[in-house]
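Below is one structure; the comments refer to it alone.
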Amino acid sequence: DRDRDSDSDSDCDRDRDSDSDRDRDCDSDSDSGSRRQATIAVPSSMSRPEHIAPADIFYNDVEAKKYAANSRMIQIQSQMSQRAIELLQMPPKQTFHILDIGCGSGLSGEVLTEMGHTWVGIDISQAMLGVAVEREVEGDLVYQDMGHGLPFRAGTFDGCISISAVQWLCNADHKKHIPQKRMKRFFQTLYNCLARGARAVLQLYPETPQQMSLITKAAMSAGFSGGIVVDYPNSTKAKKIFLCLAAGSRDGTIYRPPEGLESEDMDVEGGNNNNSSSSSSKKQVLFQARERTRKHRRRRKGEKRAPIKSKSWIADKKERMRAQGRKVARDSKYSGRRRKPKF
């Protein structure tokens, strides 16, 4: 009996040991699984700041100080600002009044100051503007959402630059935000506050070709002409896109922006000269402002409008709706005819 009891006790102990080993294996599996889950990479789309939070929330106090203290970020910002000022093609040894859209902590404004220009910066982040005040930049700072329009008088600025800001207009951060309307408002007010023939260079990071098309269409409808300049088109990291715009022309000539820079590994001399046309097409895309043709003559002073619901009023409204591409009933002799009261 004693031998049987000892054998049963040893069997129970073995079962307990095996159970504890299984539990340890399960725990180790769960730990390894949690480690695997922790090492899952964040999707690439989340690396864009506009996908994380609105600009006024993303660039808080911590992010603003980090942005201004990062030496690599300062170097990149300064290089892109110098390139944007170069694309403005302003006469040398002259002082101009420049608008800096999305000025942030004033890094691009310092480049303007070093070149002898005066500037006004506009940004939506109070934290970034606070850092600019602490750094004692020489430009004037304005707290404003560029999607609401630019609050400046007509013809105030001789030029405009923007570094990594315009692509934020493609996102709807609030229910009332409509990207098409915000872009239209932005480009219309930008066109108005620039002097005749002034130029604007907007560096941006479009996420899709549809976003770039949306931005260029809004600029064209506002009256701008110009094109897209691409620096280092064959490089994934060094590639930069600049939207170069002109607010009209002083001498009647059509504005043509300069060509983009070529990558360091590209050789345009010798045997590669045959592909110069194809490479230049990738580096530069031109467009012109839409011609606004007036279909109807202006009313003279004192001349009354056509009465509402009259035949001419209905015909004009149908023409406007047809121009918008909407389906309109065909005209007939009964169009605009008043019905009898007994009908």
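Model, not experiment: these values are computed from the prediction.
Note on residues 118-152: pairs passing ring-ring contact (aromatic ring centres under 6.0 Å, His included), not counting sequence neighbours, are F152-F157.
In this structure the side chain of M146 never reaches within 4.5 angstrom of the side chain of R185, judged on heavy atoms. A 4.5 Å side-chain heavy-atom check between P151 and Q144 finds at least one atom pair inside the cut-off. Under the 4.5 Å side-chain criterion, counting only non-hydrogen atoms from C-beta, T208 is in contact with Q211. Residues Q77 and Y67 form a side-chain contact, since some pair of their non-hydrogen atoms from C-beta on lies under 4.5 Å apart. F96 has its side chain within reach of P91: a pair of non-hydrogen atoms, C-beta onward, lies under 4.5 Å apart. Between L112 and I85 there is a side-chain heavy-atom pair separated by less than 4.5 Å.
We find that D331 and R322 are joined by a salt bridge, their nearest charged nitrogen and carboxylate oxygen being less than 4.0 Å apart. Taking a cutoff of 4.0 Å between a charged side-chain nitrogen and a carboxylate oxygen, D231 and R83 qualify as a salt bridge.
The environment of E136 atom CD is sparse: at most 12 non-hydrogen atoms of other residues, nucleotides or ligands sit within 6.0 angstrom.
Hydrophobic cluster of V328: the remaining members, joined at side-chain heavy-atom separations below 4.5 Å, are M321, listed by chain and number.
When every heavy atom of I101 is checked against every heavy atom of A165, the shortest pair comes out as O-CB, 4.0 Å.
When T156, T118, D158 are each tested for a side chain to side chain donor-acceptor pair (under 3.5 Å) with H97, only one passes: T118.
To the nearest 0.5 angstrom, L194 atom CG is 9.5 Å from T189 atom OG1. Distance check: L243 CG to Q167 CD gives 12.0 Å after rounding to the nearest 0.5 Å.
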